[in-house]
J.: 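If you scroll down you'll find the structure; I have some questions about it.
Since the structure is predicted, the reported quantities are computational estimates derived from the model, not experimental observations. To find a chain, count down the sequence lines: A is the first, B the second, and so on, and within it residues start at 1. Side chains are part of it too, since the values below use all heavy atoms of this structure and drop only hydrogens, waters and symmetry mates.
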Amino acid sequence: MTEPTNRKQAEGGPLQDDDAPFYTIGQVSALLGIPPAALRRLDDQDIVSPERSDGGQRRYSRLEVEQLREVLDLTDEGVTLAGVRKVLALRRRVESLEDELAGLRGRDEQQTSSA
DNA sequence: ATTCTCACA
DNA sequence: TGTGAGAA
């Protein structure tokens with residue numbers, strides 16, 4: 001294996017490895033090449049809001065860093081923060097609809113196979 | 001040394 | 001969006 005396969009399989013919630021490692025705002029800003037102030041803006045605008053630890057400092061997870069990359073792609077293309085928020089809302093909407101569809105599909109398979 | 005909030009241009 | 005003051 002060339003990659004650290006430490007991925008959990010069946011976890012009972014949003015408590016995965018991608019949510020565990022927390023980066024400081026400084027690390028993330030260096031990693032993404034954007035000023036800390038920009039990260040704080042994103043948090044204030046409810047686009048990517050990291051958890052806070054002890055003294056109220058932002059702690060970014062891997063997942064949030066990835067979300068940040070997506071946001072940067074959009075803003076680089078000229079999408080405003082308000083627009084990004086809408087894109088994110090639509091993205092969540094699609095996910096929930098996909099889940100709902102998966103559920104309906106499962107129910108339908110029961111009927112179809114017993115018909 | 002870092003990060004936080006708030007304010008200003 | 002970037003910068004700086006002042007506190008933690």
J.: Mind calculating the distance between CD (Gln27(A)) and C1' (dT3(B)) to the nearest angstrom?
T.: 12 Å
J.: Taking the nucleotide of DNA chain C with the nearest heavy atom to each, does Gln57(A) or Ala38(A) sit closer to the 5' end?
T.: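 Whichever sits nearer the 5' end wins; that is Ala38(A).
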J.: List for me each residue that meets salt bridge (Lys or Arg N to Asp or Glu O under 4.0 Å) alongside Glu95(A), sequence neighbours excluded, and say none if there are none.
T.: Arg91(A)
J.: For Tyr60(A) and dC4(B), give me the distance from atom OH to atom P, rounded to whole Å.
T.: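 So the two atoms are 7 Å apart, to the nearest Å.
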J.: Please name all residues satisfying side chain to side chain contact (heavy atoms under 4.5 Å, CB included) with Leu90(A), sequence neighbours left out, ordered by chain then number.
T.: none
J.: Taking side-chain hydrogen bond (donor to acceptor under 3.5 Å, both in side chains) as the definition, give me every residue that meets it alongside Arg41(A), ordered by chain and number, with sequence neighbours left out.
T.: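 Partners of Arg41(A) by the side-chain hydrogen bond (donor to acceptor under 3.5 Å, both in side chains) criterion come out as none, since no residue qualifies.
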J.: Along DNA chain C, 5' to 3', what are the outermost nucleotides having an atom less than 4.0 Å from a heavy atom of chain A?
T.: dT1(C) to dT3(C)
J.: Need to verify one output field. Residue with the more 5' nearest nucleotide on DNA chain C, Pro35(A) or Gly55(A)?
T.: Pro35(A)
J.: Tell me whether the OP1 or OP2 atom of dC4(B) has a side-chain N or O from Arg40(A) closer than 4.0 Å.
T.: yes
J.: List the atom pairs, with distances to 0.1 Å, where a side-chain N or O of residues 66-79 of chain A and a protein N or O form a donor-acceptor pair under 3.5 Å, not counting sequence neighbours.
T.:
residue, atom, partner, partner atom, Å
Thr75(A), OG1, Val71(A), O, 3.2
Thr75(A), OG1, Leu72(A), O, 3.0

J.: Expressed as a whole number of angstroms, how long is the span from Arg59(A):CZ to dT3(B):P?
T.: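 Atom CZ in Arg59(A) sits about 8 Å away from atom P in dT3(B).
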J.: Is there a donor-acceptor pair closer than 3.5 Å between any side-chain N or O of Glu64(A) and the backbone N or O of Ser61(A)?
T.: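 Yes, because the side chain of Glu64(A) sits within donor-acceptor range (under 3.5 Å) of the backbone of Ser61(A).
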J.: Mind checking side chain to side chain contact (heavy atoms under 4.5 Å, CB included) for Gln57(A) and listing every partner two or more places apart, or none if nothing turns up?
T.: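 Listed in chain order: Arg59(A).
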J.: Nearest-Å distance, CZ (Phe22(A)) to P (dT3(B))?
T.: 16 Å
J.: Whole-Å distance between dC6(B) P and Asp43(A) CG?
T.: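 My rounded result for the distance is 12 Å.
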J.: Write down the distance between CD1 (Ile25(A)) and C1' (dT2(B)), rounded to a whole number of angstrom.
T.: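 Atom CD1 in Ile25(A) sits about 10 Å away from atom C1' in dT2(B).
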